[in-house]
Amino acid sequence: NRKETEQTDTASFVVVANRLPVDRVVHDDGSVDWRTSPGGLVTALEPVMRAHDGAWVGWHGAPDETLEPFTDGGLHLVPVELSATEVQEYYEGFSNGTLWPLYHDVVAFPEYHREWWDAYVAVNRRFAERAAAVADQDATVWVQDYQLQLVPQMLRELRPDLRIGFFLHIPFPPTELFLQLPWRRQLVAGLLGADLIGFQLPGGAQNFLRLVRGLLRIETKGDAVRLPDGRVARAQAYPISIDARAFESLAAEPEVETRAKQIREDLGNPRTMFLGVDRLDYTKGIKQRIRAFGELVAEGALDPEEVVFVQVATPSRERVEEYKLLRDEIDRLVGQLNGDLGRIGVPAITYLHTSYPRDEMVALYSAADIMVVTPLRDGMNLVAKEFVACRRDGEGALVLSEFAGAAKELKQAFLVNPYDINGLKSAMTEAASASPADLRRRMKAMRKQVFEHDIDHWANRFMKDLTEE
Ligand code: ADP
Ligand code: G6P
């Protein structure tokens with residue numbers, strides 16, 4: 001056990017997120033491991049927490065276990081316990097069976113269950129109480145993401161002295177969709193407990209402000225909401241990013257460069273390597289991109305002797321029904337395509353259902369020619385930015401969905417509508433046949449954007465707006 005247990009006293013800066021940056025994994029034989037937690041929230045926030053000495057309040061990923069606060073690699077972590085029933089009803093249920101599909105354009109059907117809502121309220125209260133106990137007098141508390149939208153209001157009631165920020169990592173939906181929620185007023189009021197509410201895109205902030213006016217009948221002026229008690233809350237866009245320099249310097253490590261070459265060799269030194277990297281989630285458009293690639297090969301537009309597709313998908317939310325269905329569908333699709341198009345020892349698609357350490361991800365980004373990022377809806381998509389940050393060589397192409405937040409910044413990508421399979425095919429062939437000069441020009445512009453708007457830039461902008469009068 002590499003964790004050092006200690007009683008964390010109070011902190012002047014506190015982050016509250018459903019997940020801690022590390023996940024406690026209990027194996028069948030009872031042994032315990034800690035793993036980096038999946039997803040973009042942890043990738044983005046970890047460097048922020050290293051820069052600001054604060055406490056991170058969150059769930060450690062295992063049900064029915066109560067742990068003491070501990071430090072891990074210099075981070076002060078405060079675990080919040082969830083019972084097995086709460087994992088089902090609050091995490092898998094309301095967070096990922098109701099809010100996640102609703103906020104992502106209902107690409108899957110959101111379910112509304114009153115027990116799930118009750119669990120969401122109870123768990124949000126626990127997070128608020130834990131944060132209230134950890135925060136110094138007049139501290140700054142930054143609440144994260146859709147799992148904890150009631151925490152700002154609950155925390156303000158417990159601790160009116162605090163400065164409270166909130167950031168939503170996923171899209172905030174159009175009002176027409178949000179209004180389906182039986183608990184729509186409570187959620188908007190929950191968020192209004194914060195002094196500053198951050199969204200990935202200006203559209204999200206506007207959707208939220210429209211609900212404040214329409215649903216709660218509270219006036220807004222620009223980005224400001226004047227609440228009945230005289231307090232002002234603001235709603236604004238802060239597009240999140242990555243520690244671009246850290247990715248770039250990892251890509252420059254000799255071992256990573258060697259590993260990138262090895263990956264291409266193991267794939268039979270193809271002329272073109274396509275790459276997809278995602279959590280295995282139905283919002284990511286994995287089926288659409290595999291189908292597009294399969295058709296291109298079947299029609300002879302891409303030569304299977306010369307091209308390969310590598311798809312890496314981290315297991316995610318595996319007990320939620322829609323994710324089980326997705327996993328089966330992708331298994332079937334990949335099996336079918338490789339059966340039809342592969343040759344002995346050379347599958348057309350190499351599909352890896354696993355998560356890798358950061359250096360292996362960076363080697364994959366460096367080895368690829370064309371990164372294919374095709375979500376049907378995505379708050380930001382950090383994978384697209386990671387790929388760009390790793391391309392020190394200035395080469396490589398990015399095919400990017402218009403429906404990822406990142407498309408607003410990475411305008412020189414080959415932008416696609418992932419629902420349009422023919423358009424997706426054209427973008428993939430266009431990227432595969434673009435001139436090196438064109439690709440370099442595009443990559444240069446995208447790298448400038450990512451390096452000038454990195455995670456420090458994001459955190460500093462948010463913190464400045466939150467802490468200034
Ligand atoms: P989301 O937050 O929805 O998962 P993002 O693209 O914003 O989507 O962030 C995903 C994060 O997870 C990135 O930092 C990416 O590097 C990481 N990641 C994705 N797939 C894997 C994998 N197979 N192994 C390790 N890390 C992964
Ligand atoms: C997205 C969400 C995060 C979440 C992550 C991983 O990035 O915005 O809040 O932590 O996915 O999902 P998980 O359900 O495993 O925490």
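Remember, it's 1-based here, ligands and their atoms both numbered in the order they're listed. Counting begins at 1 with the first residue of the sequence.
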Practice problem: Output yes when the distance from some N or O of ligand 1 to some N or O of Thr43 is under 3.5 Å, and no in every other case. | Solution: yes
>> Between ligand 1 and Ser355, is the shortest N or O to N or O distance under 3.5 Å?
In response: no
N or O contact, Gly40 vs ligand 1, cut-off under 3.5 Å
yes
Atom 24 (N) of ligand 1: of Phe247, Tyr365, Tyr356, the nearest heavy atom sits on Tyr356
Note: Val42, heavy atoms under 4.0 Å from ligand 2, region reported as neither
ask   = Would you call Glu360 a ligand 1 contact, heavy-atom distance under 4.0 Å?
value = no
Looking at Val277, Asp281, Thr314, the heavy atom closest to atom 22 (C) of ligand 1 belongs to Thr314
Of Gly39, Ala313, Ala44, the residue with the heavy atom nearest atom 11 (C) of ligand 1 is Gly39
Is Gln147 close to ligand 2, meaning an N/O of one under 3.5 Å from an N/O of the other?
yes
Test side-chain contact (heavy atoms from CB on, under 4.5 Å) applied to Phe178 and Arg184, step by step:
CA-CA 7 Å; Phe178 188 86; Arg184 55 203 188 179; 3.6 Å; yes
**Message:** Any atom of ligand 2 sitting under 4.0 Å from a heavy atom of Ile170?
**Reply:** yes
Per-atom filter on ligand 1: closer than 4.0 angstrom to a heavy atom of Lys284 are 1 (P), 3 (O), 8 (O)
Does Met380 reach ligand 1, in the sense of a heavy atom lying below 4.0 Å from it? no
Within the structure, does Glu386 bring an N/O atom to less than 3.5 angstrom of an N/O atom in ligand 1?
yes
Measure the distances from the heavy atoms of Thr36 to every atom of ligand 1 and state whether one is below 4.0 angstrom. no
If you measure from the Lys or Arg side-chain nitrogens to the Asp or Glu carboxylate oxygens, is any gap between Arg234 and Asp195 under 4.0 Å?
no
A student comparing Val383, Asp278, Leu382, Ile170 should find that the heavy atom closest to atom 7 (O) of ligand 1 comes from Leu382
The answer for which part of Gln144 has a heavy atom under 4.0 Å from ligand 2 is neither
Discussion item. Check for me whether Arg19 meets the cation-pi criterion with Trp56, that is, NZ or CZ under 6.0 Å from the six-membered ring centre and within 45 degrees of the ring axis.
Written reply: no
Distance below 4.0 Å between atom 17 (C) of ligand 1 and any protein heavy atom? no
